[in-house]
Amino acid sequence: MFSLFRHARILLAAAALLTMGTPGPASAAPRPSAAAPSCDNADRIDKTLKNGARWQMCWDIDRNTGVVLSDVTYTPNRGTPTRVLKSASLA
């Protein structure tokens with residue numbers, strides 16, 4: 001049970017870091033548009049920041065790999081969605 005709470009805290013910390021950061025320089029090459037995360041609403045994080053930017057991602061806790069973030073998408077204010085991460089785990 002302790003491990004589950006630890007993983008949940010790690011997930012929240014990772015989500016907070018993602019919502020605080022911004023992607024690379026404006027001169028970076030544009031990436032193809034990405035669709036919304038393909039997970040259930042209960043497993044989805046969808047956060048719009050004060051500046052209008054939006055982060056969307058799926059999360060799960062896997063017994064073998066720990067906390068898994070997947071389909072992480074960033075949408076700048078009035079911009080197009082860009083997938084920035086397919087999948088990552090925090091064990």
Side-chain angles (χ1 to χ4, degrees):
M1 190 59 134
F2 174 74
S3 179
L4 179 64
F5 289 121
R6 181 173 179 217
H7 287 306
R9 284 194 317 237
I10 292 170
L11 169 67
L12 290 174
L17 287 174
L18 285 173
T19 60
M20 290 172 47
T22 56
S27 62
R31 296 190 180 159
S33 295
S38 60
C39 56
D40 296 331
N41 285 339
D43 298 332
R44 184 177 299 162
I45 298 171
D46 190 339
K47 177 74 175 172
T48 301
L49 306 178
K50 291 179 183 179
N51 67 3
R54 182 178 184 193
W55 285 95
Q56 295 174 289
M57 66 192 80
C58 298
W59 73 277
D60 189 23
I61 297 178
D62 183 275
R63 299 187 105 203
N64 296 319
T65 58
V67 177
V68 179
L69 300 176
S70 60
D71 296 329
V72 179
T73 303
Y74 173 78
T75 307
N77 188 13
R78 294 186 292 273
T80 58
T82 301
R83 179 188 288 170
V84 295
L85 183 66
K86 173 63 180 161
S87 180
S89 62
L90 306 167

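As a basis for the values below, the full set of heavy atoms in this structure was taken, side chains included, without hydrogen atoms, waters or symmetry mates. Count residues from 1 along the sequence.
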Q.
For a 4.5 angstrom cut-off between non-hydrogen side-chain atoms, does Lys86 reach Asp71?
A. yes
Q) Between the main-chain N or O of Asp60 and the side-chain N or O of Asp43, is there a donor-acceptor pair closer than 3.5 Å? A) no
(Q) Working to the nearest 0.5 angstrom, can you tell me the gap between Asp46 CG and Cys58 SG? (A) 10.0 Å
Q. Is the shortest heavy-atom distance from the side chain of Trp55 to the side chain of Ile45 under 4.5 Å?
A. no
Q.
To the closest 0.5 Å, what do you measure between CG (Leu90) and CG (Leu69)?
A. 5.5 Å
Q. Can you name the nearest heavy-atom pair linking Cys39 to Met57, along with the distance?
A. SG-O, 4.5 Å
Q: For Lys50, check salt bridge (Lys or Arg N to Asp or Glu O under 4.0 Å) against everything at least two apart and list the hits.
A: none
Q. Closest heavy-atom contact between Thr80 and Thr75?
A. C-CG2, 4.0 Å
Q | Value rounded to 0.5 Å, distance of OG1 in Thr48 from CZ in Arg54 | A | 5.0 Å
Q: Report yes or no: does Asn51 contribute a side-chain atom to a donor-acceptor pair with the main-chain N or O of Ala53 at less than 3.5 Å?
A: yes
